[in-house]
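Predicted, not measured: the structure shown is a model, and the values here were computed from it.
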Amino acid sequence: MAQCVQSVQEFIQDSFVPMVAVLCSEDAERVTRKNSLSFPELLRPFCRLTSEGHLRDPNNQVVVVKGLRISMTGINTRPPQTPEMHRLLSQAVSVCQPPEGSPANVITAGDYDLNISDRTVKASVPWYSDWKETLTQLSSSKYYTATTPWFETYRENFLQSMPASEHEFLNHYLACMLVVSSCEAVPTEQFLKLSQEQHRIQHSGEYTHPKWFIPNTLKYYVLLHDISEGDEQRADSVYEDMKQRYGTQGCYLLKINSRSGRTGADEQMPDPWSQYLHKTSIHSPELYEESAVSNVVENNIGAEEDGLDPSIRDGVSETHPLQLDQPTDAGYPCNNANQSVNNVDMTRPQKQASVTSHTTPTPRGTCLTLNDHDHIRQFIQEFTFRGLLPHIEKNIRQLNDQLVSRKGLSRSLFSATKKLFGGGKVPEKSIAELKNTAGLLYPSEAPELQIRKMADLCFLVQHYELAYNCYHTAKKDFLSDQAMLYAAGALEMAAVAAFLQSGAPRPYPAHYMDTAIQTYRDVCKNMLLAERCCLLSAEILKSQTKYSDAATLLIKMTSEDSDLRSALLLEQAAHCFINMRVPMVRKFAFHMILAGHRFSKAGQKRHALRCYCQALQVYKGKGWALAEDHINFTIGRQSFTLRQPDNAVAAFRHILINDSKQSAVQQTAFLREYLYVYKSMSQVTGDGSLPQLPLPCLHSSQTRVFFGHERRLAKGEKQAATHVSLDQEFDRDLSQLWRELEERVVAVVNRGAVPITFQPSQCCLNSQTDNLRYPLAVVEEPIIVEVVFRNPLKVPLALSALCLLWKFTPKDFSDPQGSTTMALNDIIDTQVIPEFTLSPEETKVARLKLLPHKTGELHVLGVVYNLGTGEVDNSEGSLAEGLMCVRGQQNLEIQGSRLNMTKEEKTSVTYGPDHRLDPIIAPPMPLLEVFFINFPTGLLCGEIRKAWVEFVNVSAVPLTGLRVASTHPEFFTFGSAASDLTPVTPTAAEHCSAYKTVAMPPSVETVSLVSPAAFGVTSGDRPVVAEIPLSQGVLGPGEALQIPLWLRGPDQEGVHEINFLFYYESTEKTAKLSHRVLRHTAFICASRSLSVRATASRSNTLHSRERETEERQEGEEKNGSMLVFVDVENINTSEAGVREFHIVQVSSSSRQWRLHKCINPVGDKDSKLASRERGKLCFKATRCRTEEGGASCSRAHTQIISTTPCADFFFRRGLPSEPRRGGVSTGGASQMWRQSGTDDGVTNIVKKCSEVELDIIVLWKAYVVEDNKQLILEGQLHVALQTIGKEACSLSQKEETQEMVLLKFKPDVPPPVSKPSLEQLSHLIKTCLHYPESYDHPFPQKSLCMVPVTLTVSNCSLAQVDVIVDLRHKTTSPESLEVHGSFSWLGQTQYKLQLQAQEVYRLSLKACFFQAGVYNLGTPRVFAKLAQTSAMCETSQQSAMPALIIINSV
């Protein structure tokens, strides 16, 4: 249970106290009214005895009475009315609320932290602390408030309002105090009148109420003397007379009002009455009007005091809350007996007065001094010790004597008890077996009632042992008589008396209480008595930490007849669950919900709301979605009823924002309720700020921002540049590619260096882009914000008047002076979407546009819209929609990406800013649009096609510095607008060839030399960035420029993605935006055309056979020559309708070689290749001087001049696997020499011997049939020959898929030092034999024939080479002798030579033949090695072809 202010012993003692009636004369009442108090009210703060009292029991044992409290009340002769009781109990609970703004008491229970509102100092975990010790500390703390003060107020008022019953005497009057003023003419007469009045009320039979304990009621005569007015001597003499008449122990002279109210107004006196008299208005001033009825205007008739010790009070009044509204003097009968009847109507003016008195409370006790307080305290003590206690002691003795004599028992009940209970226990019958005798009444003289009466008297004076024995005896008698009401009462009090016995000789008999409750409830149908029994037992069980039993008992007492009682008991049961040693938190929450429901039914809205809020702490965030929804919904409704719209909106908001598991119908109800509450709140507040709406869910991090106009669609043959749009998905790799392209252009513009301030252009910002900097937008260009909404509900939502909420700071970047204020639409045009519907559980994007008209700083804060339900009610039509529609906003709050650069950032979780919604509006900039005309979607590999590109400046600012960069510069080249190749318009370009041709005479093989300067290329690097020439360097506002664009199909078949980046600047340089870019992505599908393979083989000849001058011969020999075989295959699969290909021209490009002649067996026949056909061409290539650039060799009747675009595409070509290059610089040789000391140098020198570096360009035409028309397509293919004997192909060979190999994990072996291969070493030396083809010799005359042979050895490398020539025959097998015959070399058979770089050495030899025949002279073996190395390698030249000589005999 909840924590209480009192201990359970104090609570029970104060629940059952001696009752004393008060009858006052009118004059006496007037004396006390000077202090704004009635006489019972005057005594109330002093009714607890501060000293111990003593009395003797029938056995003559002394009984000590500690802390006795006496209840003194006026006499009320009217029976209590049940509806009135319920109303006042409900009112007492409603006005007692937890104080607002008090510190929370957080109880940690398991995994839960429960915030239970009170100012508890220590007992936040009562199940772990010593209850009594904690209570003592708390009672001494002025800050302490009980956890549930409303329950204690209810319990206290309930016990006070218990009607007096026939079966018990605890709340019957024991004595009557008769009060008369000393200023009466004849006080003794007045005493007589009051005494007769009391006798009439008790004995005449006219009144059933109040009840009197014993017929001989103690009368105590009090003479009230007003010191400020009365005659003290007269008062003393009257008192002396009273002592003679009533005895010294039966009367008292009370002197009060030592000062007049006016004189002492300045002095502040203590007011002990306030804590008793204004209980109901402590916490809730606004409810004062309701509560004042039972507070100020009261007459205390028949009321019972609460008995709380003032030292441990928390400001709870002892006012009886259930009495009727009457004038104060009506309840104290005077001479006219009719005045004792209450008149409710007379209270209305008083009620009004009490309302106003709250603001200025009436001071009480103004005529009393501290001495007067002591007089009153002494009076009470005197009355109790000399009057009341002796009277009780006398009655106990009398009753004991009567019982002993009537029952013939022993002298004392003490000895009787042993006889009564010493034997076997009488078996108690169960309730079910007993017949209903609840209506049985004993006569007042019945011995059973006398026992009960004696037990009650003993109980009231704290003699619990004797009381228990008497209750036990009475219980037996009642059960034997089957008087169930009496038996239940005896069982109840026996259990309580057993608990209260000091030393606890016996355990608390809880089963007694259970039986009593069951009897009261089921047999007697008396819920009031059952409830009292339950309250007492629960407190006792709680004090013994039996929280589970207490909770069970409390829950049993809940019923349908009283919602208020059920609510309070369920709440206490919930507190029992939370107070267990292992707290049962979920049971606590569940029972708080039940209590809240019953509070709501009882009309206690505030308490209902509090219960639901406390239960929500347990259910919140634990996945109990439906329970949480129910709680929030109830909290919302209760808050709205209590005029707490903020709390109501917050509660409904929680229902809607979470992923609800409710049905669509339920969600619709929740939404309508929310909209209604929200609308009501906005009407009440009426301020201009728009509150936050919970629906729909706004995914702020997915917000995208787009700067610029949306792209235009293609019109006819015109195709607009793709640029960037919101429909494209973000690709991080592609974004990086565009950034690199832009950096490349910026570097070219800034002479090779990218500026530090460079910021890549970002047209579309999202969560993956870099948003650390403020983005730049341009004035008069739209900003589109794409917001992602999600409807979490199963019902549609209708948004209307949806627009962006923004803040703008005007700044003139050109003029630093201040800006002027202007209308909103002059600054920024804001687009409003009139209707935006979200289907159930739909995620949908809204694109909202802003158009800035001024420069400055813009901040997009959120979205503003009207929220309504998406369902239209046909019966009410649009009117219902208008009513169920509210306006609000949602903020766009975006968390930046996590920072992870420095050590501090890595060790902590910090996020950077995200400025995508904070653009800076820059001054006007040019805006370029690019259109492509006749741009193809498909090309043959190597095909050259012409398209047009149009540049349009659509802004009001001129642009300059137009450049384009691309990921595939080899794909396109721009023609010149002034070129003679360029037609005037795109339509005239249909039959325009890419090549310029010159007519040639037939059957003439042409060789023409072209220098590199003629190609317009001097650098070996490919131009990645191309500058587009503009007229006068500027494209003005609204101007357009069309230039031709030559395209060449990629060498690889398939779909190719080609990216263009157009860069341009403004003529006026601005600090904010230096340049702008426009992106375009084109997709080209390339299909197969021709495959060209080329091979170079070294020529064996070292001199010309024609007779030429010696110098020419030497030069020819030194330069050398080789054969180039070009193999062309048509690999087109005729998909594109290609009929045949014509090889038009073969050109070469090299710094060292040129095509010399075409060695073709067939004459002038054109090379035509149909599908899957192959042709082979053979050319002789000779070395050229370095100043010669290249050669073109043609077999057609026309020669094609290889200028733009042929040369452009050739020099823009790229090798996929190697660095992109043009020619090799002539400085390469000397560079190699410097490196020759290393192994790398050796390898390079050897490589140079076999390197060719000859590029072959094949020009072709294709005849295509399309739509019954024949078209001629043109194209060119490139082959790069690099090594002698190694085939090169125009198509890069696809790598064969490797087979799966077993992985072996070994440490990495260091890479071996690269050494030249044997094949490369074999190309170091070229050999050639010079000899006559036939030789005539007369063998008969001379048997030996000697023929002179010259062996020419040529060093092909650029390094010194050691050569060994061995003339000994390698083959000695008989077969070789048969084929080649046998001859021998004469003279030296082995030569060792050293050849310098590119030296040619002639060695004269003699061959000796013994007979005629055909001989192969190619037997010398030549070994060569570089001078710096030790590896010797045999040259492979002699195996190229046999050197045959014919020896004829003559």
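A donor-acceptor pair shorter than 3.5 Å cannot be found between the side chains of Ser228 and Asn257. Donor-acceptor pairing under 3.5 Å is recorded for the side chains of His391 and Asn395.
Taking both residues in full, the closest heavy atoms of Trp273 and Gly365 are given as CZ3-CA, 3.9 Å, listed atom of the first, atom of the second, then distance. The minimum heavy-atom distance between Cys533 and Ala516, with the atom names listed, is SG-CB, 3.8 Å. The minimum heavy-atom distance linking Met72 with Leu43 is given by the pair SD-CD1, 3.3 Å. The two residues Pro210 and Ile201 come nearest to each other via the heavy atoms CD-CG2, 4.0 Å. When all heavy atoms are compared, the tightest approach of Phe169 to Leu449 is CE1-O, 3.7 Å. In plain terms, the two heavy atoms of Ile70 and Val20 that are nearest each other are CG2-CG2, 3.5 Å.
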Requested in this report: Test Cys183 against Asp226 for side chain to side chain contact (heavy atoms under 4.5 Å, CB included), laying out the working first.
Outcome: CA-CA 8 Å; Cys183 62; Asp226 188 340; over 6 Å; no
Report task. Take Arg56 and Glu393 through the salt bridge (charged side-chain N to carboxylate O under 4.0 Å, His left out) test and state the conclusion after the steps. Result -> CA-CA 7 Å; Arg56 291 184 178 272; Glu393 180 182 337; 5.9 Å; no
Requested in this report: Applying side chain to side chain contact (heavy atoms under 4.5 Å, CB included), run through His172 and Asp456 and close with a yes or a no.
Outcome: CA-CA 10 Å; His172 292 194; Asp456 287 348; over 6 Å; no
Query raised in the report: Under the side chain to side chain contact (heavy atoms under 4.5 Å, CB included) criterion, do Arg452 and Cys470 qualify, and how do the steps go?
Result: CA-CA 7 Å; Arg452 171 65 202 241; Cys470 293; over 6 Å; no
Report task. Take Thr50 and Gln381 through the test side chain to side chain contact (heavy atoms under 4.5 Å, CB included) and record every step on the way to the result. Result -> CA-CA 8 Å; Thr50 53; Gln381 196 160 329; 4.1 Å; yes
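Judged by the 6.0 Å and 45° rule, Arg245 forms no cation-pi pair with Phe191.
Between the side chain of Lys453 and the backbone N or O of Phe213, at least one donor-acceptor pair lies under 3.5 Å. Under the 3.5 Å distance criterion, the side-chain polar atoms of Ser90 are left unmatched by any main-chain donor or acceptor of His86. Here the side chain of Asp372 pairs no donor or acceptor atom with the backbone of Ile256 at under 3.5 angstrom. In this structure, the side chain of Gln160 does not engage the main chain of Arg155 through any donor-acceptor pair within 3.5 Å. With Ser25 contributing its side chain and Ala28 its backbone, the two residues share a donor-acceptor pair below 3.5 Å. A donor-acceptor pair is defined here as one N or O able to donate and one able to accept, closer than 3.5 Å; such a pair exists between the side chain of Ser237 and the backbone of Arg234. For the pair His225 (side chain) and Ser182 (backbone), a donor-acceptor distance under 3.5 Å is absent. Of the possible donor and acceptor atoms, one in the side chain of Ser94 sits under 3.5 Å from a partner among the backbone N and O of Gln91.
Note on ring orientation: taking the six-membered ring where Trp is involved, the planes of Phe478 and Tyr486 are tilted (angle from 30° to 60°). Taking the six-membered ring where tryptophan is involved, the planes of Phe383 and Tyr220 are perpendicular, since the angle between them exceeds 60° and thus also 30°. Note on ring orientation: taking the six-membered ring where Trp is involved, the planes of Tyr154 and Phe158 are parallel (angle under 30°, cut-offs 30° and 60°).
With respect to Arg364 and Glu41, no salt bridge is recorded, no charged nitrogen being found less than 4.0 Å from a carboxylate O. For Glu229 and Lys34, the salt-bridge test passes: some basic side-chain N is under 4.0 Å from an acidic carboxylate O.
Taking the side chain as every heavy atom from C-beta outward, Glu26 and Arg30 never approach each other to under 4.5 Å. With a 4.5 Å cut-off on side-chain heavy atoms, His463 and Leu55 do not count as touching. Proximity of Met242 to Pro187: side-chain heavy atoms (C-beta onward) are nowhere separated by under 4.5 Å. Between Asp27 and Gln190, every side-chain heavy-atom pair lies at or beyond the 4.5 Å cut-off. Counting heavy atoms from C-beta on, the side chains of Leu529 and Met162 come closer than 4.5 Å. Tyr252 is not listed as a side-chain neighbour of Met177, based on a closest heavy-atom distance of 4.5 Å or more. The side-chain heavy atoms of Lys211 and Pro163, taken from C-beta on, include no pair separated by under 4.5 Å. Side chains of Leu500 and Phe459 form a contact here, defined as non-hydrogen atoms less than 4.5 Å apart.
To the nearest 0.5 Å, the span separating NE2 on His209 from OH on Tyr173 amounts to 10.5 Å. For the atom pair CG (Leu457) and CG (Leu466), the distance works out to 10.0 Å, reported to the nearest 0.5 Å. Put simply, CG on Leu223 and OG on Ser181 are 7.0 Å apart, with the number rounded to the nearest 0.5 Å. Distance check: Lys525 NZ to Leu485 CG gives 13.5 Å after rounding to the nearest 0.5 Å. With rounding to the nearest 0.5 angstrom, the CG atom of Leu174 is 12.0 Å from the SG atom of Cys176. From Ile227, atom CD1 reaches atom CG of Leu254 across 9.0 Å, with rounding to the nearest 0.5 Å.
Annotation: Phe46 is not in aromatic contact with Phe379 [ring centroid separation under 6.0 Å not met].
In this structure, Asp231 has no salt bridge (Lys or Arg N to Asp or Glu O under 4.0 Å) partners at least two apart in sequence or on a different chain.
Of the options Gln202, Arg78, Arg200, a side chain to side chain donor-acceptor pair (under 3.5 Å) to Tyr207 is made by Arg200 and by none of the others.
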